[in-house]
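Below: one structure, written as structure tokens.
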Amino acid sequence: MTRSAVIVNPSKVVDLDERRREICAALAAANWPEPLWLETTPDDPGCGMAVQAVAEGVDVVLACGGDGTVMAVASVLAGTGIALALIPSGTGNLLATNFGITRDVRAALDVAISGARRRIDVGVVEGADTVTGHPGTFTVMAGMGFDAAMVGETPDDRKRRFGWVAYVVSGLRNLHRRRMPLRIRLDGGRWMHRRASSVLVANVGRLQGGIPLLPDAAPDDGWLDVAVLTPRDITDWAQLAWGVVLRWGRTPRLETFRARRVEVLTSRAEPRELDGDVVAPARRLMAEIVPGALLLCVPAERG
């Protein structure tokens with residue numbers, strides 16, 4: 001008997017009652033007991049609910065929401081051995097995208113019920129603790145600068161209406177954003193000085209729309225892949241975008257590195273984000289990999 005909990009963000013689901021019936025019916029058909037049903041709140045994106053699910057001794061937690069819900073639940077489940085299943089219902093759903101889990105609820109439930117289980121790494125960001133005291137954890141990537149400003153300036157109603165395309169308007173508005181003077185250090189090595197628009201520290205490589213920013217990044221290799229974006233003007237941004245989309249061997253204005261611990265220091269407080277959720281601005285971003293910390297439900301062919 002597989003015991004489960006469903007942690008759902010009501011603001012990401014059009015018909016909550018119908019979604020509950022659909023999920024419960026699929027689990028019942030698989031001979032799973034009635035799931036523990038927990039709804040997030042504006043004050044708690046899912047951490048407290050995940051703590052309750054762990055205390056109840058469940059085997060699988062189904063996160064039905066966007067990237068913020070997944071990040072909150074993952075921060076609690078990391079290191080517990082309890083599996084996380086994804087029922088994508090938000091705007092980006094970046095972790096689901098990177099594992100080929102679609103927004104089709106029935107297909108996502110099939111993955112949760114009969115898919116494979118895969119241990120993946122998570123990243124932890126110092127000084128980005130959640131409301132329940134769990135560390136700021138990311139499964140996809142952490143960012144500082146342009147990407148965080150773009151995410152923070154995109155209204156929720158626009159995201160609900162247009163999906164990930166809603167970020168385009170905010171992105172265009174931030175193309176002229178002043179670059180950050182910064183220092184970056186990898187695994188305690190020497191400090192490198194850069195002027196960058198954005199620094200991304202990634203566990204997987206695909207961005208919104210499936211764009212392969214870091215195609216060599218793997219979620220279970222024990223490494224963080226780092227992208228430093230240094231475009232100066234619109235022409236540089238265009239060249240960088242084409243280089244990423246067309247997978248040029250060397251993309252202009254993009255430096256990539258690999259490390260287990262990444263430290264970024266800036267001259268002023270900058271916007272920051274974890275898995276598409278904005279956290280408090282700061283002058284520092286310190287991220288570290290935790291290998292194999294999270295058990296994830298994935299399609300059988302990706303197990």
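On a predicted model such as this, the values are computed, not experimentally measured, just so you know.
- Within the model, atoms CH2 of W32 and OG1 of T2 stand 5.0 Å from one another, a figure rounded to the nearest 0.5 Å.
- Each salt bridge (Lys or Arg N to Asp or Glu O under 4.0 Å) pair with one or both residues in residues 279-300, not counting sequence neighbours, appears once here: E126-R284, R261-E288, E263-R284.
- V60 and I82 are assigned to two separate hydrophobic clusters, defined by single-linkage of ILVMFWY side chains at heavy-atom distances under 4.5 Å.
- Cluster partners of L265 are W191, counting Ile, Leu, Val, Met, Phe, Trp and Tyr whose side-chain heavy atoms approach within less than 4.5 Å, directly or via other members.
- Applying the side chain to side chain donor-acceptor pair (under 3.5 Å) rule to T40 yields no partners; only residues at least two apart in sequence or on another chain are considered.
- For R20 and E22, the salt-bridge test fails: no basic side-chain N is under 4.0 Å from an acidic carboxylate O.
- The OG atom of S89 lies 6.5 Å from the CZ atom of R103; values are rounded to the nearest 0.5 Å.
- Using a 4.5 Å cut-off on side-chain heavy atoms (C-beta onward), F99 and P219 make contact.
- Of the inter-residue distances, the one linking R179 atom CZ with T266 atom OG1 reads 14.5 Å to the nearest 0.5 angstrom.
- Both V105 and V6 belong to a single network of hydrophobic side chains, linked directly or stepwise wherever heavy atoms of I, L, V, M, F, W or Y lie under 4.5 Å apart.
- For the residue pair D104 and T102, no side-chain donor N or O sits within less than 3.5 Å of a side-chain acceptor on the partner.
- Inter-residue side-chain proximity for C297 and R117 is flagged as met; some heavy-atom pair is nearer than 4.5 Å.
- With respect to L77, the side chain to side chain contact (heavy atoms under 4.5 Å, CB included) criterion is satisfied by exactly one of L296, L84, V58: L84.
- Counting side-chain heavy-atom gaps under 4.5 Å among Ile, Leu, Val, Met, Phe, Trp and Tyr, V14 is found in no cluster with other residues.
- Looking at residues two or more places apart in sequence or on another chain, you find a side-chain contact (heavy atoms from CB on, under 4.5 Å) between A227 and L200, L213, L214, L229, L254.
- The existence of a salt bridge linking R19 and D15 is excluded, since no basic side-chain nitrogen approaches an acidic carboxylate oxygen closer than 4.0 Å.
- There is no side-chain donor-acceptor pair under 3.5 Å between T139 and N203.
- A salt bridge between R260 and D187 is absent, with no side-chain N of the basic residue lying under 4.0 Å from a carboxylate O of the acidic one.
- For the atom pair CZ of F257 and CG of D225, the computed distance is 12.0 Å after rounding to the nearest 0.5 Å.
- Salt bridge annotation for D220-R119: absent, with no cationic side-chain nitrogen under 4.0 angstrom from a carboxylate oxygen.
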Evaluate the criterion side chain to side chain contact (heavy atoms under 4.5 Å, CB included) for residue pair L285 and E270; output intermediate values, then yes/no.
CA-CA 10 Å; L285 179 72; E270 295 287 350; over 6 Å; no
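- By the 4.5 Å side-chain criterion applied to Ile, Leu, Val, Met, Phe, Trp and Tyr, W223 is assigned to no cluster and stands alone.
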